[in-house]
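Each remark here refers to the structure printed beneath this line.
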Amino acid sequence: MSEKKSSLAQRISALRFTLHSVRSARLLVGLRPDKYLRMVAAFRREGATNTVGIALSARRCPDRTAIIDELGELTFRELDQRADALAAALQRLPGGLPNTVGIMCRNHRGFVESMTAVDRIGADVLLLNTAFAGPALADVVNRERPDVIIYDQEFTNSVARATEVAGPMEKIVAWVDEPVAGRTVDALIEANLGQRPTPTGRRGKLILLTSGTTGTPKGAKRSRGGGATEMAAVLSRLPWRGEEITVVAAPMFHAWGYGQMVLCALMSCTLVVRRKFDPEAILAMVDRHRATGLAVVPVMLDRIMDLPDEVRRRYSCRSLRFVTASGSRMRPDVVIAFMGEFGDVIYNNYNGTEVGMIAAATPEDLRAAPETAGRAMLGVDIRILDEDRKELPRGEVGQIFAASGSHFDSYTTGAGKEFHDGYMASGDLGYLDESGRLFVVGRDDEMIVSGGENVYPIEVERTLSEHPAVSEASVVGVSDERFGQRLAAFVILHSGTSVTEDELKQHVQEQLANYKVPRDITFLDELPRTNTGKILRRELVERAGGNG
């Protein structure tokens, strides 16, 4: 078969799969002809932006509830009109049409309205971490230079300090706790309700920040719109259904939470959010709204399972069909415990800010191998390569490379990710088992070389966590004159238990090689984490007194 015919066959196969996935998810089924026409017209006006789902759902089911937050409910019609009004207001700001808009908001309607409005004027959007302190925010804002910043009132001081460094910019408050001087999202919407933005012909980009667990967060610029095939790949692995209800607890400024918000809009699903995570409140929200989906980062599952048994048992969560998680490693013991209590509903997802969705694990995968990141998504090919960029056999650890339809363009500094033969480096180390399941053993910059031997922190962390007194452990490398690096472990104990440093070292030594035994073990009440649950290893390295 010629290359041209092969390419055509692949496109036809992808189209059939997409149509099958869309039909299985109950999308675009049984609609009146006039609704199809309105949706087509809306798509032509909006273009393939990430938030186009809001405009489409406003034509498909205008009176369906689009979002529920602490302020109440908005229908898709109301959300669509409010986004138009805010977009029109952004075009009329004194400084003119912005090129880049920074958004520093927690999970609430103002985040969704702002994202959609920026999409509709074709500006780039910079999603800012709500955990940024003044200096970190100042560094990012100074580097990215947004023209406008939309933020929650609680971040006023941090934004003020950042603009002192980066220079003046238009500031708009999204979530208001008390009367505020200056522009607010609600006031701009109210003043422009009924107005539509003037088409600009521009296509903005989405700038997502990397986690910055080992250094300064980088801005990853991605083209808008993931494509129907990418959505079909998600629907083929996760049991999403159109016009249902999903609780999104994962922060939406992060790639994972943002993706769940986008998918909710495309699926005409009701998005249920609250600004701050509370494990019991999330369970209550699932039961109150009879949610079929829950999107979290793994540490949120830890916190749910840390609740007293009598508290968890107040909530059945019987309506849940899936709990989808990503953003950091999942603890195998928590996965098994959660599914034992709430059913086989967990779907683990492995993706990256730059690479996009790579793999997903179903409950069946997790029952067989609780540590797996899952199997490659449709349209994604995974390779494990050594330092010479040769493909490694199954079971051997190397760098994870993936080829997909990712729309990562570059970092905003101008740098790009490493590519090899069309495959992008994920930045992680891992291996594939004989069944094709992917296992991630850590970041490639986390590997520790001690006395000339390679040590993967996750192996030592897992061994420490197997001790009955240990709840969680993290291992980092610290500079050492004799060995190059030494291992330093940080341990959290289960409540009411005790163990000595020497006993834990003995426990590791009985199962692993001597060079994998941590030289230092420090007991903590909790590990430092990002909003998405990733451990801030640089803080642990600093605490251990080394340079990593």
Side-chain angles (χ1 to χ4, degrees), residues 68-70 106-107 131 245-251 256-257 272-348 363 366-367 370-371 461-462 464-474 489-500 503-504 507 522-536:
I68 301 173
D69 64 4
E70 289 148 290
R106 297 190 186 275
N107 288 12
I245 298 172
T246 301
V247 175
V248 176
W256 174 242
V272 183
V273 294
R274 74 189 313 268
R275 287 178 300 153
K276 296 183 181 180
F277 174 75
D278 176 272
E280 184 178 1
I282 292 299
L283 297 179
M285 288 163 66
V286 169
D287 274 359
R288 183 184 314 121
H289 300 291
R290 299 179 185 176
T292 56
L294 170 62
V296 298
V297 293
V299 71
M300 293 176 176
L301 296 181
D302 300 354
R303 300 295 174 260
I304 288 172
M305 298 312 295
D306 284 342
L307 288 170
D309 292 347
E310 63 270 19
V311 173
R312 286 199 313 278
R313 287 169 187 158
R314 295 173 191 159
Y315 310 96
S316 71
C317 295
R318 203 169 297 142
S319 60
L320 280 178
R321 197 168 56 249
F322 66 91
V323 177
T324 182
S326 185
S328 59
R329 298 172 191 156
M330 296 183 71
R331 286 173 49 190
D333 59 322
V334 172
V335 170
I336 296 303
F338 189 97
M339 293 201 298
E341 188 160 338
F342 296 106
D344 286 6
V345 293
I346 294 183
Y347 291 77
N348 187 19
L366 294 170
R367 283 291 184 188
E371 297 169 2
E461 292 167 356
R462 186 186 307 130
L464 284 166
S465 296
E466 288 170 353
H467 191 283
V470 176
S471 170
E472 193 173 8
S474 183
F490 294 84
V491 171
I492 299 172
L493 299 182
H494 288 296
S495 178
T497 64
S498 64
V499 66
T500 67
E503 287 171 340
L504 286 180
H507 171 74
T522 303
F523 297 97
L524 299 176
D525 292 329
E526 62 180 1
L527 296 171
R529 295 181 183 273
T530 66
N531 293 57
T532 57
K534 291 184 178 179
I535 296 170
L536 289 165

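For this chain, numbers begin at 1 and follow the sequence in order. Any value given below was found using the heavy atoms of this structure, including those in side chains, with hydrogens, waters and symmetry copies removed.
- Atom-to-atom distance recorded for Ser471:OG and Leu493:CG is 8.5 Å, nearest 0.5 angstrom.
- For the side chain to side chain contact (heavy atoms under 4.5 Å, CB included) test with Val323, the passing option among Ile304, Val286, Val247, Val345 is Val345; the others fail.
- Between the side chain of Arg331 and the backbone N or O of Leu301, no donor-acceptor pair lies under 3.5 Å.
- With rounding to the nearest 0.5 angstrom, the CG atom of Asp287 is 12.5 Å from the CZ atom of Arg314.
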Q: Show your working on side-chain contact (heavy atoms from CB on, under 4.5 Å) between Arg367 and Ile336 and close with a plain yes or no.
A: CA-CA 7 Å; Arg367 283 291 184 188; Ile336 296 303; 4.2 Å; yes
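- No donor-acceptor distance shorter than 3.5 angstrom exists from the side chain of Trp256 to the backbone of Pro251, with no hydrogens or angles considered.
- With Ser319 contributing its side chain and Ala291 its backbone, the two residues share a donor-acceptor pair below 3.5 Å.
- Formation of a donor-acceptor pair under 3.5 Å by the Asp69 side chain with backbone atoms of Asn107 is not found in this model.
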Q.
Applying side-chain contact (heavy atoms from CB on, under 4.5 Å) to Arg529 and Ile535, what does each step give before you reach the verdict?
A. CA-CA 4 Å; Arg529 295 181 183 273; Ile535 296 170; 3.7 Å; yes
Q | Derivation of the side-chain contact (heavy atoms from CB on, under 4.5 Å) call for Phe277 and Val296 | A | CA-CA 10 Å; Phe277 174 75; Val296 298; 5.6 Å; no
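- Residue Ile245 holds its CD1 atom at 9.0 Å from CZ of Arg290, rounded to the nearest 0.5 Å.
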Q: Show your reasoning for whether side-chain contact (heavy atoms from CB on, under 4.5 Å) applies to Met305 and Arg312.
A: CA-CA 8 Å; Met305 298 312 295; Arg312 286 199 313 278; 3.8 Å; yes
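- None of Ile346, Leu320, Val248 except one satisfies the side chain to side chain contact (heavy atoms under 4.5 Å, CB included) rule with Leu294; the exception is Leu320.
- In this structure a side-chain-to-backbone donor-acceptor pair under 3.5 Å is missing from His494 to Ala469.
- Atoms NE2 and OG1, from His289 and Thr246 in turn, are 12.0 Å apart once rounded to the nearest 0.5 Å.
- Distance check: Glu466 CD to Asp333 CG gives 10.0 Å after rounding to the nearest 0.5 Å.
- Scanning both residues, Ala489 and Leu464, for their nearest heavy atoms gives CB-CD1, 3.8 Å.
- A donor-acceptor contact shorter than 3.5 Å is absent between the side chain of Glu280 and the backbone of Leu307.
- Considering Glu371, Glu461, Glu472 in turn, Glu461 is the only one that fulfils the salt bridge (Lys or Arg N to Asp or Glu O under 4.0 Å) rule with Arg329.
- Within 6.0 Å of atom CD in Glu526, 12 or fewer heavy atoms from other residues, nucleotides or ligands are found, so the atom counts as exposed in its surroundings.
- Atom CE of Met300 and atom CG of Asp278 lie 11.0 Å apart (nearest 0.5 Å).
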